[in-house]
Amino acid sequence: MSLPAKLESIVSDIESQFSIDDAYIVKATKFFLSSMEAGLAAPSSSREYMPMIPAYVTSIPTGKEKGLFLAADLGGTNFRVCSIDLKGDHTFELKQSKYRIPVEIMNAEESEELFSYLAKKVESFLEEHHADYHTKSKDHLKLGFTFSFPVNQTALDQGTLIRWTKGFNIPDTVDRDVVELLQANLVILGINVKVVALANDTVGTLLSRAYVNDPAKTKSNTIIGAIFGTGTNGAYYETIENIPKLTADKVPEGAKGMVINTEWGSFDNTLSILPNTKWDVTVDKETANPGYHLFEKRISGMFLGEILRVVLIDLFEQGHIFVDLAAERGGSLPHRVKEPWQLDAEILSYIEIDDSTDLQMSGLIMQNVLRLPTTKEERVLIQRITRAISHRAAYLSAIPLAAIASKVKDQYKDDDRDFEFGCDGSVVEFYPCFRDTILKAVAAIDPLKGTGKKIHLRIAKDGSGVGAALAASTVA
Ligand code: GLC
């Protein structure tokens, strides 16, 4: 549907500000590689390059791992507790409970409020699913703690929080060991569980996908564990000689390599190369970590809706949209539209593919979620901007995947299997066409050129819990 000339030129201008092309992603992939190298070399973290955090996991699962483990997964909106029975044949049995974390706890005054909440949930899970372990005094259960925030990890079971991301803000946790905090609160409750491994969700995703993957069948090696959900990040296996910051005393005996949690959300925090519209600037200012995780703020589920919302507010303030509506309401918009973070990426995913007459479905959704009545033209504008935002997000998402594939290709030079990326998270799983667009962009970068190998993107559902169990299984 065509728009009146003035609106058309406004929308086209916004689309061009969000647009990135193949030449850009090729260039950005090179820059990403140099930022990875800087992060692998620098002894302390800096805003300028990616954290590249050694995860103290020194091998990738083969699928033969066995045993019963617990996993506690704190990553975004939910806290999950699971028990995982690894069968040793690429399969497992999982029991899990999921708890939505109250906003007051995400913004608690003190860490203890959060960690005692988590410990209590572990307790309820055990009461429900493994009542015998709760009271038994011998044999503790081993727990892998998936903690999906930047952590300065110094051993498999030790790590201090660098900073909160994704809407959490409990300043008192920064620099404290999150394993100790969880363990202390489990001890207070008398729970017979030992936290033996700390893993980022991406590390978990890498391990769990590698466990499930049977290379004899898929003809592929699992190269990356990645999350595209509330946040975005990825982990991969790096050889020890390529991690100069890992001094000899920190290398576990016999280790040839180590999994690295890249924290790629923090790629290019100084904005040397990332696209930066005025709306990105506004969104960054609204967050608890301005100036950090700027790559994530252009890609992940927490931010896509917010970018759209601030574009709409801007157009409204310039008098281009919602004019009659505001006039009827004495000049203001419905309060939900004015409030940050009200527009979930899930809503964008419906608007993205709406093909109903006059985009009536989008109209109902905007009415329902934001209490916002829209005209046909406004809906067309909203859909086009939504598509521009999500296309940029998917295109940018290809950069780290392609960079890592090209960085590790020598590790696999003696083997002819394809590369697979294990991915989890609501955006990659559910956002329409997101996966296809990523793959198209990866193909444009062509990181495996000349090897004859293909790249597959596979969904590693709920991988982080299983992965934490696998990390726990490496402890004697
Ligand atoms: C954020 C966190 C990171 C996590 C990612 C995906 O970027 O900083 O640790 O892996 O979200 O959940």
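Just so it is clear, the values below take in all heavy atoms, side chains as well, and ignore hydrogens, waters and symmetry mates. Note that ligands are numbered from 1 as they come in the structure, with each ligand's atoms numbered from 1 the same way. Everything quoted here is computed from the prediction, not taken from an experiment.
Atoms of ligand 1 lying under 4.0 Å from any heavy atom of Gly231, numbered from 1 in the order shown and given with element: 6 (C), 11 (O). Atoms of ligand 1 found under 4.0 Å from any heavy atom of Pro150, numbered from 1 in the order shown, are 8 (O), 9 (O). Listed by number with element, the atoms of ligand 1 under 4.0 Å from a non-hydrogen atom of Asn200 are 3 (C), 4 (C), 9 (O), 10 (O). Ligand 1 places these atoms under 4.0 Å from at least one heavy atom of Glu296: 1 (C), 7 (O), 11 (O). Ligand 1 places these atoms under 4.0 Å from at least one heavy atom of Ile227: 6 (C), 12 (O). Heavy-atom proximity to Asn233, at under 4.0 Å, picks out these atoms of ligand 1: 3 (C), 4 (C), 5 (C), 9 (O), 10 (O).
Tyr412 does not carry Arg417 over the face of its six-membered ring by the limits of under 6.0 Å from the centre and within 45° of the normal.
At least one N or O atom of Phe149, backbone or side chain, sits closer than 3.5 Å to an N or O atom of ligand 1. When only interatomic distances are considered, the shortest N/O to N/O separation between Glu263 and ligand 1 falls below 3.5 Å.
By the criterion of a heavy-atom distance under 4.0 Å, neither the backbone nor the side chain of Asn261 is placed next to ligand 1.
From His90, atom NE2 reaches atom NZ of Lys64 across 5.5 Å, with rounding to the nearest 0.5 Å. For the atom pair CG of Leu312 and CE of Met366, the computed distance is 6.0 Å after rounding to the nearest 0.5 Å.
The closest protein non-hydrogen atom to atom 2 (C) of ligand 1 is Ser148 O, 3.3 Å. Nearest to atom 11 (O) of ligand 1 among the protein's heavy atoms is Lys166 NZ, 3.1 Å. The nearest protein atom to atom 10 (O) of ligand 1, hydrogens excluded, is given as Asp201 OD1, 2.6 Å; this is a heavy-atom distance.
The aromatic rings of His130 and Phe125 lie tilted to each other, with the angle between the two planes from 30° to 60°.
Side-chain contact check for Leu448 versus Lys409: some heavy-atom pair is nearer than 4.5 Å.
Contact detail for Ser390 and Glu352: the closest heavy-atom pair is OG-OE1, 2.7 Å.
At a cut-off of 3.5 Å, with distance as the only test, no side-chain donor of Asn269 or His293 sits close to an acceptor on the other residue.
Salt-bridge annotation for Asp314 and Lys278: present, with a side-chain N of the basic residue lying under 4.0 Å from a carboxylate O of the acidic one.
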